[in-house]
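Throughout, a chain's letter reflects where its sequence line sits, starting with A, and its residues are numbered from 1.
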There are 4 protein chains.
Amino acid sequence: MQNVRTDLAIELHEMLMEAATELSGVTVRQEDKENIHISRIGIESLKAQVQMGKPIGNYITIEFPHINIAEGEDYEKLCRVIADELKRLLPIKEKSNVLVVGLGNRSITPDALGPEVIARLMVTRHLLEYIPDQIDEGIRPVCAISPGVLGTTGMETGEIVKGVTDKIKPDAVIVIDALAARSMDRISTTVQICDTGISPGAGVGNKRKALDKSTLGVPVIAIGVPTVIDAATITADTLKLAADTEKAKENSKLYESLSSLDPEEQYAMLKEALPETLAGFMVTPKEVDLLVERVSKVVANGINLALHKNITFEDIEAYVS
Amino acid sequence: MQNVRTDLAIELHEMLMEAATELSGVTVRQEDKENIHISRIGIESLKAQVQMGKPIGNYITIEFPHINIAEGEDYEKLCRVIADELKRLLPIKEKSNVLVVGLGNRSITPDALGPEVIARLMVTRHLLEYIPDQIDEGIRPVCAISPGVLGTTGMETGEIVKGVTDKIKPDAVIVIDALAARSMDRISTTVQICDTGISPGAGVGNKRKALDKSTLGVPVIAIGVPTVIDAATITADTLKLAADTEKAKENSKLYESLSSLDPEEQYAMLKEALPETLAGFMVTPKEVDLLVERVSKVVANGINLALHKNITFEDIEAYVS
Amino acid sequence: MQNVRTDLAIELHEMLMEAATELSGVTVRQEDKENIHISRIGIESLKAQVQMGKPIGNYITIEFPHINIAEGEDYEKLCRVIADELKRLLPIKEKSNVLVVGLGNRSITPDALGPEVIARLMVTRHLLEYIPDQIDEGIRPVCAISPGVLGTTGMETGEIVKGVTDKIKPDAVIVIDALAARSMDRISTTVQICDTGISPGAGVGNKRKALDKSTLGVPVIAIGVPTVIDAATITADTLKLAADTEKAKENSKLYESLSSLDPEEQYAMLKEALPETLAGFMVTPKEVDLLVERVSKVVANGINLALHKNITFEDIEAYVS
Amino acid sequence: MQNVRTDLAIELHEMLMEAATELSGVTVRQEDKENIHISRIGIESLKAQVQMGKPIGNYITIEFPHINIAEGEDYEKLCRVIADELKRLLPIKEKSNVLVVGLGNRSITPDALGPEVIARLMVTRHLLEYIPDQIDEGIRPVCAISPGVLGTTGMETGEIVKGVTDKIKPDAVIVIDALAARSMDRISTTVQICDTGISPGAGVGNKRKALDKSTLGVPVIAIGVPTVIDAATITADTLKLAADTEKAKENSKLYESLSSLDPEEQYAMLKEALPETLAGFMVTPKEVDLLVERVSKVVANGINLALHKNITFEDIEAYVS
């Protein structure tokens with residue numbers, strides 16, 4: 001997992017909201033479209049950037065814990081919401097061409113989201129070049145790549161994408177990645193879109209690793225979906241519930257000290273305590289194969305709808321199944 | 001995972017060893033073959049059965065934390081050890097025919113061990129029937145099935161295996177299953193073989209679920225390999241280490257109460273506390289695909305060597321790769 | 001491929017139609033539902049059985065060469081047609097329970113149709129047993145198995161299915177299998193349903209291999225879809241077209257002899273000529289993975305709709321994607 | 001399949017050998033290492049280039065029809081022969097870094113050879129950069145990519161590889177691809193290595209499609225293995241055998257005309273006759289999954305041995321299984 005440390009912006013915000021009332025330089029707008037909750041967070045000042053630990057930019061979180069993402073009306077609505085929110089952040093014109101990059105390791109299921117989305121994408125750049133007459137109006141040149149991960153390529157993803165970008169010269173890049181969430185409830189029920197790309201480390205970082213406007217030279221939109229939770233989270237969640245068990249209540253001292261734990265402090269402690277061997281482990285839903293397949297269809301549909309005009313939902317459905 | 005609650009007998013023993021000095025009615029013999037540690041536990045009395053929570057019978061645990069199971073000399077040695085230990089428990093004669101059953105869900109990687117072993121097995125029953133002249137002396141009739149899991153078949157595994165056993169009439173059955181371990185270190189580094197089959201629940205249990213001599217009518221040997229750990233384990237392990245972190249030491253009360261935790265009590269508490277949603281999660285190594293592939297080769301090789309005489313290691317290698 | 005020699009009944013009929021005007025004891029009814037063509041062939045006399053080389057019974061062929069089976073209205077209509085035709089041949093009552101068997105080798109893509117359908121089936125037998133209160137009216141007990149093939153199990157499929165049937169005692173069995181067709185156009189564009197089960201060889205045959213009422217004791221419906229063509233077909237098809245090439249016309253003797261070839265005689269000759277090594281080869285569409293996935297969704301949907309009452313198309317869609 | 005039209009150089013040579021005695025400007029050296037036959041063909045003049053339809057350069061063909069490539073001594077020997085022959089053509093120095101490119105579509109099994117080899121490669125560039133102290137002497141910087149195919153990326157493979165090459169600046173590129181052969185016997189029993197890269201069309205061709213020194217700026221070695229045969233081949237092979245069948249002999253005119261066919265003329269005729277729909281079909285061994293897995297291990301081992309000094313066969317075996 002390339003960025004298992006990447007927290008979702010909305011979780012960061014939730015956490016900070018508990019400590020402070022309202023951060024200056026951070027705007028939050030919320031909207032509900034029936035069962036789908038949309039939060040648009042803007043980080044607008046350097047101070048806010050430091051406080052949030054995320055670069056200046058726009059972060060949209062789409063939450064859909066209660067809908068069936070496998071099929072039906074809700075499924076279609078979710079695809080359209082993703083398309084609409086993606087269009088908000090994608091600064092492209094009618095003929096602009098777009099490169100979509102699927103990060104992650106296709107042989108580790110929860111990390112395969114990026115390659116799975118790429119496999120379901122409506123790729124058109126070559127068609128517009130070789131058989132332009134047969135392509136409908138409103139179809140934009142789109143190309144796509146799943147570059148693989150450092151351990152299997154020996155190259156930083158940033159190097160590969162930079163090489164391809166310099167050669168292909170897209171007008172914008174969309175990067176898709178699996179995320180690690182702090183909460184079990186977020187797995188496959190949240191999509192996050194931001195216009196700051198992917199920058200490991202806060203601002204500084206290794207330039208070869210970053211995928212953003214400063215490194216690629218064009219706008220970079222990142223789409224992320226949580227597919228794993230980190231081991232500290234699962235420990236903290238269990239511990240919180242442990243304070244209420246009969247066993248804990250029988251042992252008053254333990255009960256007291258567990259109850260008194262400040263959640264953030266506790267998380268930090270557990271994170272520190274995590275044995276090194278645990279770094280090689282991941283916590284995923286048992287049905288992770290199915291979840292990754294389904295959410296990758298939703299994300300691919302959202303991108304297909306956002307990039308091409310005048311196409312129907314049925315048109316794009318043929319690409320994702 | 002069919003039997004995520006199945007603890008390894010050696011872990012049970014370890015735990016009980018801490019409490020009592022030596023259980024009567026339990027024999028333990030240990031042997032080291034270079035880097036491979038073998039423990040042979042015999043549960044010989046009803047009292048011991050109750051104390052251990054495992055039926056009367058023989059439990060062999062093969063541990064190999066420090067060897068390369070991918071290839072080379074150690075790999076071959078491990079295959080031979082598994083074959084030798086399997087032969088100890090397998091009460092068959094020269095011409096006996098054997099049915100091997102691979103339990104588990106092939107589309108959930110850590111649960112796919114059984115089907116993966118079956119895919120690498122040297123299956124011969126049909127050859128001995130249709131082209132006996134072309135088959136070498138010493139090749140025994142072996143057949144195999146991966147029956148699937150309740151959720152995808154609608155039938156208890158025990159029903160399917162009983163139906164096939166009644167029809168085929170093997171002289172013995174070998175059942176292979178993925179296990180859940182209490183310790184991260186055991187993942188893919190332990191193979192357990194026992195002659196009591198698989199009986200969910202301690203003794204009582206649903207007859208349709210059990211795979212043992214009482215239900216199938218022939219001896220049943222079970223081979224298990226841990227491929228997941230349970231979430232309570234990961235929490236307990238982390239918590240134990242948490243007592244030594246700087247953060248815990250700063251907070252004397254917390255430190256005291258964390259340090260005073262009795263491991264078994266703590267595990268029980270965490271197990272009780274585990275949220276229901278967590279039941280849908282699993283904790284596996286990131287490289288679980290590779291580990292399951294490798295360990296299934298080792299187990300398949302062990303079975304192939306144990307069942308067929310006069311075959312060389314090279315002969316069987318062709319089946320597992 | 002278990003039955004690569006199985007010709008589709010409709011192809012047999014087509015061939016016989018060319019020779020004779022109308023066979024007595026054979027009824028043919030045709031119907032078009034928009035783009036879907038349905039042929040219902042009844043073999044009603046022993047004489048017709050001998051002439052057709054197929055047992056007495058009903059053979060329904062559903063052809064859909066021009067529709068998009070990936071999604072949309074046509075997709076849904078096709079699922080419903082399959083359900084309707086399946087119901088014609090399935091002699092079950094309201095509470096009857098059904099066992100569905102997916103034949104074929106899941107690791108050879110064009111042979112994996114059966115297991116792929118099973119993976120998309122709405123399996124309910126265990127739910128009706130363990131949580132009957134939570135299951136809607138109209139849901140029938142359905143169970144399913146993919147028994148594997150002789151080469152990997154060492155057991156005839158018929159033995160395994162017989163064992164399971166004797167144990168589970170279903171009221172009917174549905175068997176799904178990939179077929180070999182004589183024409184390239186049929187690949188993934190034809191579904192055949194018959195009520196005679198699967199009987200290798202014409203009537204005689206090995207009882208352990210047959211899956212029909214005489215061996216299983218209950219009605220057996222077979223559903224087949226062509227996913228490969230045989231090598232003699234590809235040669236014959238090419239040869240027929242070769243007569244019209246410039247090269248053939250330049251050589252009058254060759255032209256004459258190619259043109260004079262009787263198709264059936266030629267096919268028989270090529271079949272005889274096929275080198276043994278060729279038996280190990282198969283001819284499939286390049287996108288066979290995608291085709292098998294799509295057609296298995298259609299077949300699974302058809303079965304799900306036929307077996308359960310009061311369920312909507314959306315309900316079942318969740319199972320197949 | 002990107003280059004299903006690519007004939008193996010040795011097949012070209014075989015064909016030309018039948019027509020002419022010896023081509024000037026073509027050198028042929030043959031060597032047998034026990035069961036492995038090596039042919040080294042040099043195309044040395046423009047005239048020979050035109051006659052052979054292949055660019056000036058060196059073409060090595062390694063044939064091993066009779067050995068077990070799954071395991072054992074022969075397996076190891078074959079890996080070493082591939083390594084030795086690769087080293088002949090690879091003009092690199094001790095510290096040179098190498099990029100390995102796996103062409104082909106990983107979701108069409110017979111085309112997945114390239115990506116499968118990449119998955120088994122010993123990739124080291126990142127290790128030498130981040131943890132040089134832990135890497136043994138003799139390990140060379142190697143990186144690798146599977147760029148995907150035009151239909152799924154929208155980019156010519158040549159564009160992607162050019163972009164990555166310009167960014168990474170390797171000293172040499174090795175390209176791996178699945179080939180189509182004219183003879184069934186060659187499937188998975190032949191490895192071809194050449195130093196002319198991959199150039200679609202004879203010399204002219206689309207520069208964006210070529211992967212050779214002229215486009216990438218560094219030496220390009222191509223490694224190819226036949227995994228499919230073309231449909232004209234299967235037709236021609238069957239037809240040749242058909243001339244000897246009883247049926248053909250009964251029909252003297254047909255027999256005569258079939259026997260009189262010049263093989264090359266006949267192949268051209270059949271190729272012309274092949275229906276367009278057939279272009280979407282492929283002819284592969286039934287066990288193509290297993291063959292591609294095995295041959296990709298052999299090729300990966302060969303590359304690993306050729307690129308890194310002082311490593312043992314056991315070292316590299318851990319990477320390919």
Strictly below 4.0 Å, N to O, side chains only: are D:Arg120 and D:Glu116 in salt-bridge contact? yes

Do the side chains of D:Glu159 and A:Arg125 get close enough for a salt bridge, i.e. N-O under 4.0 angstrom? yes

My understanding is that only one of D:Val299, D:Ile223, D:Leu305 makes a side-chain contact (heavy atoms from CB on, under 4.5 Å) with D:Leu86; could you say which? D:Ile223

Need one label for A:Thr153: side chain, backbone, both or neither, based on atoms under 4.5 Å from any heavy atom in chain D. both

Identify all side-chain donor-acceptor contacts of residues 136-150 of chain A below 3.5 Å with residues at least two apart in sequence or on another chain.
{"from": "A:Arg140", "atom 1": "NE", "to": "A:Leu307", "atom 2": "O", "distance (Å)": "2.8"}
{"from": "A:Arg140", "atom 1": "NH1", "to": "A:Lys93", "atom 2": "O", "distance (Å)": "2.8"}
{"from": "A:Arg140", "atom 1": "NH1", "to": "A:Glu94", "atom 2": "O", "distance (Å)": "3.4"}
{"from": "A:Arg140", "atom 1": "NH1", "to": "A:Ser96", "atom 2": "O", "distance (Å)": "2.8"}

Could you tell me which portion of D:Leu128 (side chain, backbone, both or neither) has an atom closer than 4.5 angstrom to a non-hydrogen atom of chain A? neither

Within the 4.5 Å heavy-atom criterion, are [X] and [Y] side-chain neighbours or not?
| X | Y | result |
| --- | --- | --- |
| D:Ile118 | D:Val100 | yes |
| D:Ile82 | D:Val298 | yes |
| D:Val175 | D:Leu103 | yes |

Can you name the residues of residues 164-172 of chain A that have some heavy atom under 4.5 Å away from a heavy atom in chain D? A:Val164, A:Lys167, A:Ile168

